[in-house]
Amino acid sequence: MAELLLYAYCDDVPSKMTIGSKTYYLTNNIYYGGVHWAIRKKLVEWSKLYLLGEISNMKQVNPSYYPITIEIVYHSAKHTFDIDNKAGYWLKVLLDLIKQKGVVPDDNVKYIGCIKCSYKKLAPKSNDILEIFVY
């Protein structure tokens, strides 16, 4: 197995955000569900700030490690959501953030060769948890 470059454990990961009187769920649906671009931008920027606190220790990836693998494990007590929507949202935020922070030069296949998303069920009434592995 490749060297673990980053492990982040995001406890109590937010699943929604309220702007004004409207609540928005933090899923990939905000990208194609008719959410105004300005609202979408606020949601994504807020999510980047949340995630930045969890991955702030990640340094620029050594070019010899390319392409890297990113694994997202989404833990939740809920069991009726689409993993691509929940984990995919946080994956998109993560990819944008590591590119923006210079951890990787780009998020194309030259640098990111594999993306894995999985789900683990939590006990009822538990807060969602997001685990991020970068190899």
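Quick note: residue numbers are just sequence positions, from 1.
- Residue K41 qualifies as open at atom NZ: its count of foreign heavy atoms under 6.0 Å is 12 or below.
- A single hydrophobic cluster is seen to contain both L52 and V134, as judged by linkage of ILVMFWY side chains at heavy-atom distances under 4.5 Å, directly or through other members.
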Report, one line per pair, each donor and acceptor closer than 3.5 Å where one atom sits in a side chain of residues 91-109; sequence neighbours left out.
from : atom 1 : to   : atom 2 : distance (Å)
K92  : NZ     : D96  : OD1    : 3.3
Q100 : OE1    : K48  : NZ     : 3.1
D106 : OD2    : N108 : ND2    : 3.3
N108 : OD1    : K110 : N      : 2.9

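- Evaluation of the side-chain hydrogen bond (donor to acceptor under 3.5 Å, both in side chains) rule for S21 yields no partner, not counting sequence neighbours.
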Side chains of residues 78-90: which donor-acceptor pairs under 3.5 Å do they make with residues two or more places apart or in other chains?
from : atom 1 : to  : atom 2 : distance (Å)
Y89  : OH     : L43 : O      : 3.4
Y89  : OH     : S47 : OG     : 2.6

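- Two residues are said to be in side-chain contact when any heavy atoms from C-beta on lie closer than 4.5 Å; M17 and T23 fail this criterion.
- Note on residues 18-47: no pairs pass ring-ring contact (aromatic ring centres under 6.0 Å, His included), not counting sequence neighbours.
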Let's go through T69 and F133 carefully: what are the C-alpha distance in whole Å and the side-chain angles of both, what is the deciding distance for side-chain contact (heavy atoms from CB on, under 4.5 Å) to 0.1 Å, and is it a yes or a no?
CA-CA 8 Å; T69 295; F133 300 85; over 6 Å; no
Please lay out, stage by stage, how I132 and E54 fare under the test side-chain contact (heavy atoms from CB on, under 4.5 Å).
CA-CA 10 Å; I132 300 168; E54 304 298 331; 6.0 Å; no
Pair up each side-chain donor or acceptor in residues 6-13 with any protein partner under 3.5 Å, not counting sequence neighbours, and list the distances.
from : atom 1 : to   : atom 2 : distance (Å)
Y7   : OH     : E131 : OE2    : 2.4

Could you go through the side-chain contact (heavy atoms from CB on, under 4.5 Å) check for I112 and I70 one step at a time?
CA-CA 7 Å; I112 313 290; I70 296 177; 3.9 Å; yes
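- No donor-acceptor contact under 3.5 angstrom links the side chains of D128 and S15, judged on distance only.
- Here the shortest heavy-atom pairing between K125 and A77 reads N-CB, 4.0 Å.
- In this structure, the separation between CD1 on I55 and OH on Y50 is 11.5 Å, given to the nearest 0.5 Å.
- Side-chain atoms of C117 and Y74, non-hydrogen and from C-beta on, never get closer than 4.5 Å to each other.
- Side-chain contact between Y135 and L4 is present, with heavy atoms from C-beta onward closer than 4.5 Å.
- Tracing side-chain contacts under 4.5 Å through hydrophobic residues (I, L, V, M, F, W, Y), one reaches I39 starting from V44; they form part of the same cluster.
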Is there a side-chain contact (heavy atoms from CB on, under 4.5 Å) between I72 and I115 once you walk through the steps?
CA-CA 8 Å; I72 301 279; I115 294 172; 5.7 Å; no
Enumerate, atom names and distances included, each donor-acceptor pair closer than 3.5 Å involving a side-chain atom of residues 56-66, sequence neighbours excluded.
from : atom 1 : to  : atom 2 : distance (Å)
N62  : OD1    : S64 : N      : 2.9
N62  : OD1    : S64 : OG     : 3.0
Y65  : OH     : E3  : OE1    : 2.5

